[in-house]
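Worksheet: one structure, shown below.
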There are 4 protein chains.
Amino acid sequence: MSKAEKTRQFIIEQTAELFNKKGYAGTSLSDITSATGLTKGSIYGNFENKDEVAKEVFLYNSKRLQQSVADKLNREMTCREKLFSIVDFYRTSWESNFLRGGCPLLNTAIEADDTMPFLKKEVAKSFENWAQKTINILENGKSQNEIVESIDSQKYAYQFIVLIEGGILLSKTMNNKAHLFNALERIEKIIDNELIK
Amino acid sequence: MSKAEKTRQFIIEQTAELFNKKGYAGTSLSDITSATGLTKGSIYGNFENKDEVAKEVFLYNSKRLQQSVADKLNREMTCREKLFSIVDFYRTSWESNFLRGGCPLLNTAIEADDTMPFLKKEVAKSFENWAQKTINILENGKSQNEIVESIDSQKYAYQFIVLIEGGILLSKTMNNKAHLFNALERIEKIIDNELIK
Amino acid sequence: MSKAEKTRQFIIEQTAELFNKKGYAGTSLSDITSATGLTKGSIYGNFENKDEVAKEVFLYNSKRLQQSVADKLNREMTCREKLFSIVDFYRTSWESNFLRGGCPLLNTAIEADDTMPFLKKEVAKSFENWAQKTINILENGKSQNEIVESIDSQKYAYQFIVLIEGGILLSKTMNNKAHLFNALERIEKIIDNELIK
Amino acid sequence: MSKAEKTRQFIIEQTAELFNKKGYAGTSLSDITSATGLTKGSIYGNFENKDEVAKEVFLYNSKRLQQSVADKLNREMTCREKLFSIVDFYRTSWESNFLRGGCPLLNTAIEADDTMPFLKKEVAKSFENWAQKTINILENGKSQNEIVESIDSQKYAYQFIVLIEGGILLSKTMNNKAHLFNALERIEKIIDNELIK
DNA sequence: CATGAATGAGTTTTCATTCAT
DNA sequence: TATGAATGAAAACTCATTCAT
């Protein structure tokens, strides 16, 4: 890892929470220099412009999340165990998630929607990726005879995202974890009632 | 209605979509003067500051939405008809909702969360209001012997919001109405399977 | 007194202290409307512009002061009694003078000096007027054989102003009435040692 | 001296006369950029805000004055020579003082009095400093057996300031140096009649 | 590579003033 | 006369970005 790459990574990590809390428009270059202790010239030496920082921070935040989920899974688990593990991740990580400003996919999706097309594209990719992970588990489950063959994996994968993101939104806004937890229970119910053979 | 009140209302209406699309921080006073044809002095003659415009625009957008839903309902409907009517509203209004920048509650909730406490409070109130409307329908349904008595109205009311907002989020981001429509179907399923006697 | 004249007077009186404290540049038309309860249109209906208000307020403040001094004097007094009466006025009025923002001549002289020629002229006239009053007393004293004939009345009259204004300046700035009181004692000493036969 | 410090100093020097003439409220950032040839961004890069510029300019003006007086004095002088030297400074510098907008202590004291507490504090300090210098000379004179032991040094020190500032005020306002010169003569008379043994 | 110092266009807000009603 | 509602210019300040060193 070159020095340049280290500095880039340092900037990204130091500002990840900032961007997630204040948004991309709301985070100024002065905020970035304050958070990193570096100068503006240095930021521009390592990134083309603020948009590039924003994009890399989003990718970092998104990957971090994805990795945390992946860390809970392993080869030996049944399909059901994997799905429940994912659901449980959102339950146990709620507190820290909350403190770091909520889900970066949700936050970025909303802010980027009508104003930052380059970011919106990345968010869409992240959601697709997330959905694909769930789809893979389900399809694997089908071939392992654990999941009902006839179900539309993609439909369920996205429905789980809907419930999780909607739950985070409401819990964050109302300052009440019950809404997210209810949504997670709903997902578990769906898994057991509609997916598991 | 005094001229001042008319101008206030004019400013609010002319900038409602703007704020919903570009966000509160992202909408500048110059944007507001462009959209209204008025001068900065005139904006400040009618509002204390930009925050007040933001707040009033949110309240306007929120009430507009609420009214549109309410317009679909009437006294003669059964509880089930009312609930399905609400769900259907989000189906039929999807296109226009989409073009106006998505759900103002969702957008404002995310933007205001860590940065604009005065707006966050209003969003929370709006969500509560919305939930209460659904709760009232359900409680009414119980006393009319149409809804299972033992169910927790509040829990279901918020779960519907979770599904609708999560659905809008995903559909808007992925540019694919299927995600919202799936979520709406899920709500209908829940109504018929768990709530209606 | 016509209604117009009454309103003019009302505006002047309500804003006299304001102008003396905040200065002419520092007092905005909004300050004036707040202090009077009138509208901007009404201010402009009664005065040509802010400068005219400023000028009239200065004249009002200046005359008020002059009148207060004059009220302490009467025909029967000796020259010495009159001079000591004037000096004593600044001693006894110190507190209220202080609370109203200090001497309007001093304040206006400084502010108007390099920026508001139309006001500077008025302040100079006021000082001349004040000096002339003292000169008259002294000249009268000469013809009454109470004051040394050879003294330069004008020189002493202005020296008294120097001591009074310098004293007010220092006492106000240091928040310590001793400086003014010392200056007043100096005047008394000069009267008895150099002027009175 | 870093470039930043040089620019700070440059800004202070280029605007010192401006502030003294137009006052702190009356000097706008545009005035500052015009006087320096720099941009607003550059001013804010070197000062926290306009208040900080104002304060530094006052301190500069105040120190400049103090230094000019100090330059006239040296170790070999008797106490009387020193006091007369100070008095004479105000006589010989009258013209340039006048052209630069008058005494910065006087100007700032009046403007800051009811509106800018952070500046008022600095002016008070400057007056104290000035008085202390005179007190030191007098106390030294006492121990050298040149000054009457029983006199209250502080009282006389402040009385000299009263006469000088009152004199400047009147001379500036009436556009007539005689008032200041009279006051200076009065000081000299006091020195010889009441202080010198 | 990073820094320090600058830029110019932008921000929100306030100003004195006007004028139809 | 007084009001309510506007205007346009100017205020203080911040922004993302650049570039010589």
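Chain naming here is simple, since letters A, B, ... match the order of the sequence lines and numbering starts at 1 in each. Because the structure is a prediction, the values reported are computed rather than measured.
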Legend entry - Which residue lies more 5' along DNA chain F, comparing D/Asp31 with B/Glu5 via nearest heavy atoms: B/Glu5
Inset, instruction - Take the protein atom CZ of A/Phe47 and the nucleotide atom P of F/dT17, then report the distance between them rounded to whole Å. - result: 13 Å
Legend entry - Test salt bridge (charged side-chain N to carboxylate O under 4.0 Å, His left out) applied to D/Lys22 and D/Asp31, step by step: CA-CA 10 Å; D/Lys22 305 185 71 173; D/Asp31 291 333; 3.2 Å; yes
Inset, instruction - Considering non-hydrogen atoms only, spot the tightest contact between B/Gly101 and B/Asn107 and give its length. - result: O-ND2, 2.8 Å
Legend entry - Euclidean distance, atom CG of residue B/Leu29 to atom P of F/dA11 [Å, nearest integer]: 19 Å
Inset, instruction - Specify the separation, in whole Å, of atom CG of A/Asp51 and atom P of F/dC15. - result: 16 Å
Inset, instruction - Only stems of 3 or more consecutive Watson-Crick or G-U pairs count here, both distances under 3.5 Å; name the ones for DNA chain E, or none. - result: E:2-21 with F:2-21
Inset, instruction - Identify whether any heavy atom of B/Thr27 sits under 4.0 Å from a base atom; if not, whether one sits that close to sugar-phosphate; answer base, sugar-phosphate or nothing. - result: sugar-phosphate
Legend entry - Integer-rounded Å distance: F/dA5 P and B/Met1 CE: 12 Å
Legend entry - Length of the CD1-C1' vector between C/Ile11 and F/dT3, whole Å: 13 Å
Inset, instruction - Establish, yes or no, whether a centroid distance under 6.0 Å links the rings of A/Phe58 and A/Phe19. - result: no
Legend entry - E/dA16 phosphate, OP1 or OP2, under 4.0 Å from C/Lys50 side-chain N/O: yes
Inset, instruction - Give D/Gly45 one of three labels, base, sugar-phosphate or nothing, depending on what nucleic acid heavy atoms sit under 4.0 Å from its own. - result: nothing
Inset, instruction - Compare the minimum distances between each of E/dT12, E/dC1, E/dT7 and the side chain of B/Lys40, then state the nucleotide with the smallest one. - result: E/dT12
Inset, instruction - Select from B/Thr39 and C/Ala4 the residue whose nearest nucleotide in DNA chain F is closer to the 5' end of that strand. - result: C/Ala4
Legend entry - Nearest-angstrom distance from the residue atom CD of C/Glu48 to P of E/dT17: 10 Å
Legend entry - Straight-line distance of D/Lys3 NZ to D/Asn46 CG, nearest 0.5 Å: 9.5 Å
Inset, instruction - Would you name the heavy atoms of A/Ile32 and A/Thr27 that are closest together and state the gap between them? - result: CG1-CG2, 4.1 Å
Inset, instruction - May I ask you to establish whether B/Lys55 and B/Phe118 are in a cation-pi arrangement, using a distance under 6.0 Å from NZ or CZ to the six-membered ring centre and at most 45° from the ring axis? - result: no
Inset, instruction - Ignoring backbone atoms, test whether C/Asn46 places a side-chain nitrogen or oxygen under 4.0 Å from the OP1 or OP2 oxygen of F/dA2. - result: yes
Legend entry - Non-hydrogen atoms of C/Ala35 and C/Thr15 that approach each other most closely: CB-CG2, 4.3 Å
Legend entry - Below 4.0 Å: OP1/OP2 of E/dT14 and any side-chain N or O of C/Ser30: no
Inset, instruction - Round to a whole Å and report the spacing from OH of D/Tyr24 to C1' of F/dA12. - result: 18 Å
Legend entry - Minimum heavy-atom distance B/Glu52-B/Glu48, with the two atoms named: OE1-N, 2.6 Å
Inset, instruction - May I ask you to say what B/Ser42 touches in the nucleic acid, namely base, sugar-phosphate or nothing, with a heavy-atom cut-off under 4.0 Å? - result: base
Inset, instruction - May I ask you to evaluate whether A/Thr7 reaches the phosphate of E/dA2, defined as a side-chain N or O under 4.0 Å from OP1 or OP2? - result: yes
Inset, instruction - Take atom CD1 of A/Ile43 and atom C1' of E/dG4, then tell me their distance rounded to the nearest Å. - result: 14 Å
Inset, instruction - Nearest-nucleotide wise, let me know which of C/Asn49 and D/Gly37 is further upstream toward the 5' end of DNA chain E. - result: D/Gly37
Legend entry - Nucleotide nearest D/Ser28 when distance is taken to its side chain, options E/dA16, F/dA12, E/dT13: F/dA12
Inset, instruction - Would you indicate, yes or no, if F/dT18 has its OP1 or OP2 atom less than 4.0 angstrom from a side-chain nitrogen or oxygen of A/Tyr44? - result: no
